[in-house]
Protein chains: 2
Amino acid sequence: MLKLTRKVEYALIALRHMQNKESRAVTNTKEIAEMYDIPLELLAKTLQLMARGGIVDAVHGPNGGYKIKAKLENINMIEFFEKIEGPLGLMDCYFDSDCTQISACNIRSPIQKINDNMRNMFENMSVDEITQ
Amino acid sequence: MLKLTRKVEYALIALRHMQNKESRAVTNTKEIAEMYDIPLELLAKTLQLMARGGIVDAVHGPNGGYKIKAKLENINMIEFFEKIEGPLGLMDCYFDSDCTQISACNIRSPIQKINDNMRNMFENMSVDEITQ
DNA sequence: TTTATACCCGACTAAATTAGTCTGAATTAT
DNA sequence: ATAATTCAGACTAATTTAGTCGGGTATAAA
């Protein structure tokens with residue numbers, strides 16, 4: 001419960017690793033996978049997702065790899081999570097689905113409140129804040 | 001990812017329901033299960049966990065049920081989650097386990113930062129704030 | 001222009017977690 | 001006594017996450 005996925009962890013590790021290099025430098029998947037002992041294929045997927053999401057640039061061919069493209073201080077954690085895991089239903093709201101049944105139920109259910117608080121927190125947190 | 005479990009949802013629904021009654025009133029599991037269309041057995045378990053955790057009082061026998069015992073404004077969400085789901089490893093920290101490998105790795109890893117921020121947020125949020 | 005290196009992509013399997021069920025108790029008002 | 005209710009834990013089913021595999025595409029360099 002309330003866990004990040006490995007893909008998100010791996011993505012953060014990869015970014016952090018790349019941040020410690022010159023901006024021109026290119027890092028390939030294997031390098032990161034071996035250094036941090038992450039399954040290569042899974043890390044590869046994760047990096048592909050970041051490339052699609054415009055967070056990193058992919059360089060094809062021999063001596064290729066990835067480098068950071070986006071300004072990480074301008075990407076908030078919700079955006080980041082969603083680029084990697086797809087739309088976040090932070091939780092299923094039990095009330096929303098059949099609200100008519102329950103006259104005592106406020107529109108803004110307990111679960112929605114938690115949801116909002118979490119979203120809010122992560123929206124005000126940049127990727128850079130975490131990885132640097 | 002970053003989801004609450006159903007047990008937690010059910011617990012919040014149950015508390016909310018009980019809050020709208022006189023403090024003397026007792027609510028049985030069936031009443032809540034039927035009203036919100038929650039699987040009886042699972043809700044039962046959840047209420048038992050809250051009873052063990054001192055959040056509600058159980059009244060045995062016919063006409064028995066539960067009533068709120070604790071001051072909900074004094075219970076923070078971390079305590080609440082842990083009473084229901086057990087100790088929360090909000091996420092597995094990849095770095096912590098074999099930190100020696102990575103010389104570039106700070107002690108406080110990216111994942112730990114998120115962890116701390118989440119814990120902090122939930123520690124400053126009372127159950128009452130959510131359910132009322 | 002061939003070759004080797006590296007990214008790309010989707011389908012598949014395996015593992016872990018969560019949700020829900022079942023069975024049989026213990027407690028107590030009537 | 002009996003029926004209503006909580007208590008407890010083992011069990012199965014469903015869902016989600018993690019990880020694997022096979023076959024592609026792009027491109028630097030020999």
Side-chain angles (χ1 to χ4, degrees), chain A residues 1-11 13-14 18 25-34 36-69 81 83-92 94, chain B residues 1-11 13-14 18 25-34 36-69 81 83-92 94:
Chain A
M1 162 193 187
L2 290 176
K3 286 220 189 92
L4 296 187
T5 60
R6 298 261 202 216
K7 273 193 297 193
V8 167
E9 291 188 19
Y10 297 159
I13 289 168
M18 288 189 274
V26 159
T27 309
N28 69 38
T29 309
K30 202 175 165 198
E31 175 182 328
I32 300 175
E34 285 179 350
Y36 302 94
D37 197 28
I38 297 172
L40 180 79
E41 307 287 353
L42 192 49
L43 177 63
K45 267 189 171 174
T46 305
L47 284 162
Q48 283 160 33
L49 289 167
M50 287 204 283
R52 270 191 235 171
I55 300 172
V56 298
D57 255 335
V59 178
H60 286 232
N63 305 316
Y66 298 92
K67 57 189 170 186
I68 294 176
K69 177 188 189 184
F81 291 156
K83 279 173 197 289
I84 291 167
E85 292 295 335
L88 282 209
L90 292 195
M91 51 214 70
D92 307 332
Y94 194 80
Chain B
M1 165 191 183
L2 290 175
K3 285 220 190 92
L4 295 187
T5 61
R6 297 262 202 216
K7 274 193 297 191
V8 166
E9 291 187 19
Y10 297 159
I13 289 168
M18 290 189 273
V26 159
T27 309
N28 70 38
T29 309
K30 203 176 164 197
E31 174 181 330
I32 300 175
E34 286 178 352
Y36 302 95
D37 197 29
I38 297 171
L40 181 78
E41 307 287 353
L42 193 49
L43 177 63
K45 266 189 172 174
T46 305
L47 284 162
Q48 284 160 32
L49 288 168
M50 287 205 282
R52 270 191 234 171
I55 300 172
V56 298
D57 255 335
V59 178
H60 285 231
N63 307 316
Y66 297 91
K67 57 189 171 187
I68 294 176
K69 178 187 188 185
F81 291 155
K83 279 174 197 291
I84 290 167
E85 291 296 335
L88 282 208
L90 292 195
M91 49 213 69
D92 307 331
Y94 194 81

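Because the structure is predicted, anything quoted here is derived from the model rather than measured.
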Can you tell me how far the CE atom of A:Met50 sits from the NZ atom of A:Lys7, to the nearest 0.5 Å? 12.0 Å
Output the rounded distance in Å from CD (A:Glu34) to C1' (C:dA6). 14 Å
Measure CG/B:Asp37 against C1'/C:dA19 and give the value in whole Å, please. 15 Å
Which residues satisfy the side chain to side chain donor-acceptor pair (under 3.5 Å) test with B:Thr27, sequence neighbours excluded? B:Lys21
Have a look at B:Tyr10 and tell me which of B:Ile84, B:Leu42, B:Leu47 forms a side chain to side chain contact (heavy atoms under 4.5 Å, CB included) with it. B:Leu42
Any side-chain N or O of A:Tyr10 under 4.0 Å from OP1/OP2 of D:dT17? no
I need the CG-P distance between A:Leu40 and D:dA18, as an integer number of Å. 17 Å
Atom pair OG1/NZ of B:Thr29 and B:Lys45 - distance to nearest 0.5 Å: 13.5 Å
Would you say A:Ile32 and A:Tyr66 make side-chain contact, with heavy atoms under 4.5 Å? no
Between atom CG in B:Asn28 and atom P in D:dC7, what is the gap in whole Å? 12 Å
Ignoring backbone atoms, establish whether B:Thr5 has a side-chain N or O less than 4.0 Å from OP1 or OP2 of C:dT17. no
Verify the contact: side-chain N or O of A:Thr29 to OP1 or OP2 of C:dC7, cut-off strictly under 4.0 Å; return yes or no. yes
Between C:dC8 (C1') and A:Met50 (CE): distance, integer Å: 15 Å
Side-chain heavy-atom pair A:Ile68, A:Ile55 within 4.5 angstrom cut-off: no
Look for any protein N or O under 3.5 Å of an N or O in nucleotides 9-15 of chain C and output each such pair with its distance, or none.
from   : atom 1 : to      : atom 2 : distance (Å)
C:dC9  : OP2    : A:Arg52 : NE     : 3.4
C:dA11 : N6     : A:Lys45 : NZ     : 3.0

Rounded to whole angstrom units, what separation is found between the OH atom of B:Tyr66 and the C1' atom of C:dT27? 12 Å
Contacts to DNA chain D from residues 56-63 of chain A, heavy-atom cutoff under 4.0 Å, which residues? A:His60, A:Gly61, A:Pro62, A:Asn63
Expressed as a whole number of angstroms, how long is the span from B:Arg6:CZ to C:dT21:P? 12 Å
Nearest whole Å is fine: how far is C:dG20 P from B:Glu9 CD? 10 Å
Would B:Leu49 and B:Lys83 count as a side-chain contact (heavy atoms from CB on, under 4.5 Å) here? Give the steps. CA-CA 7 Å; B:Leu49 288 168; B:Lys83 279 174 197 291; over 6 Å; no
Hey, could you give me the CE/CG distance between A:Met1 and B:Leu88, rounded to the nearest 0.5 Å? 6.0 Å
Step-by-step side-chain contact (heavy atoms from CB on, under 4.5 Å) determination, A:Leu43 to A:Tyr36: CA-CA 10 Å; A:Leu43 177 63; A:Tyr36 302 94; over 6 Å; no
